[in-house]
Amino acid sequence: MTGRRVAVIGASGYGGLQTLRLLQGHPGLEVTFLGGERSSGRRWSELVPFLPLPGDPVVRSPDPEAVAAEADLAVLSLPSGLAARLAPGLIERGVRVVDLSADYRYSSLARWQEVYSAEARETPRSDADLCAEAVYGLVEWREAAIRTARLVAAPGCFPTASLLALIPFLKQGLIEPRGIVIDAKTGTSGGGRAAKEHLLLAEADEAVSPYGVVGHRHTSEIEQLASEVAGQEIQLQFTPHLMPMVRGLLATVYGRLRDPGLTAEDCSTLLCAAYRHSPSVEVLPVGTYPSTKWVRQTNRCLLSVQVDKRTGQLIVMSAIDNLVKGQAGQGVQCLNLLSGQEACTGLPLLPFYP
Ligand SMILES: NC(=O)c1ccc[n+]([C@@H]2O[C@H](COP(=O)([O-])OP(=O)(O)OC[C@H]3O[C@@H](n4cnc5c(N)ncnc54)[C@H](OP(=O)(O)O)[C@@H]3O)[C@@H](O)[C@H]2O)c1
């Protein structure tokens, strides 16, 4: 198979596991390398007995030379700051990279260093050229650029849900650039597989907690693309909340309509038109509101729009599975495009309900 051999680096983490699951039985992509650090040297069946892989491979240290010998494409599903240590060596050797972390989501390295200052102290970087070159992997809005990219920065989970809701309205100049509010909820898997106290069952169960209330890192990521499509600087308010569920993300986006005569039906028609060629995005009828359960384990984003005539507010609700459309599924969409396939090849779009 040419151009379709995939290395998954960070295989044992949540993003890696979802990627491997999605690539099992994929008609046009084959996993040929598993990478990790702590898990390096371990046989897959000992590490992850519930997801058997053909040939029961051993996880290896992701040396770029070894990866390039066995893979054409690499998914990096690593904690922030680590992709930047690996990607340059892979790209130099002809491996095209999809990074699920934030390392290449900003076109300016200086901006990444500002927003991810702790990681920047650990990982000194001089790859400003790669930051400028990387394509932001929001498939529905960047398909052509992704197809020919060497490096794709898959968006974060909150930016994915928020931007899919916002972009059609910003592009058409239908909402005021100031005063946009995003209120979002996510499950505990958003924090990754490594142990963290606030994600313990005893802490997170039966509780809803806001976090990162001012200056969450995803704010600047959302603002970057929102400003680009709006053609002017967008500053918005983004507040995430942790919910007592494993997976799922719901973002409710508020913006002030410029034309108070616009109805929910008008806005819904606009959304439907914007996503008519995007099988991963579905617009629900006006008055039907999405639930995270409706997108569980799928690569789907469900959107619904409402207008409050009294306040002049546009309200767009956006539900995704944070680990699929918000992470690994979007990564596989990018791999599909890099390897000349349709974006949704091999991806689940229907949930097992409930
Ligand atoms: N979780 C989400 O909902 C979500 C959504 C969108 C984007 N993201 C982003 O996706 C990335 C991965 O997130 P995750 O939730 O999948 O994290 P995770 O569950 O903590 O997994 C991280 C993986 O990285 C590996 N790793 C750590 N240090 C390494 C090193 N030095 N060399 C090679 N492998 C190393 C770990 O493997 P070992 O144990 O073998 O070291 C593990 O497999 C993060 O940047 C995150 O921000 C996450």
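One-based numbering, in listed order, for ligands and for the atoms of each. By convention here, the first residue in the shown sequence is residue 1.
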Which bit of Ser189 gets closer than 4.0 Å to ligand 1, counting heavy atoms only: side chain, backbone, both or neither?
-> backbone
Flag the pair Glu70 and Arg60 as a salt bridge only when some basic side-chain nitrogen lies within less than 4.0 angstrom of an acidic carboxylate oxygen.
-> yes
Could you tell me the residue and atom name of the protein heavy atom closest to atom 7 (C) of ligand 1, and the distance to it rounded to 0.1 Å?
-> Leu100 O, 3.5 Å
Distance-only N or O hit between ligand 1 and Gly13, under 3.5 Å | yes
Which residue and heavy atom of the protein sit nearest atom 39 (O) of ligand 1, plus the separation | Arg38 NH2, 3.2 Å
Hey, does Leu78 come in under 3.5 Å of ligand 1, counting only N/O atoms on both sides?
-> yes
Tell me: protein heavy atom nearest atom 18 (P) of ligand 1, and distance?
-> Arg193 N, 3.6 Å
Scan side-chain atoms only and decide if Asp266 and Thr263 contain a donor-acceptor pair under the 3.5 Å cut-off.
-> yes
Does Gly15, backbone or side chain, put an N or O under 3.5 Å from an N or O of ligand 1?
-> yes
For atom 30 (C) of ligand 1, the closest protein heavy atom turns out to be Glu37 CB, 3.4 Å
Quick one: which ligand 1 atoms are inside 4.0 Å of a heavy atom on Ser39?
-> 38 (P), 40 (O)
Below 3.5 angstrom, do we get any N/O pair linking Gly10 and ligand 1?
-> yes
Arg217 and Glu119: CA distance, side-chain angles, deciding distance, salt bridge (charged side-chain N to carboxylate O under 4.0 Å, His left out) verdict | CA-CA 12 Å; Arg217 289 162 160 192; Glu119 289 82 353; 2.7 Å; yes
Taking atom 27 (C) of ligand 1 as the reference point, the nearest protein heavy atom with its distance = Pro79 CD, 3.7 Å
Which part of Val59 is near ligand 1, with near meaning a heavy atom under 4.0 Å away: side chain, backbone, both or neither?
-> neither
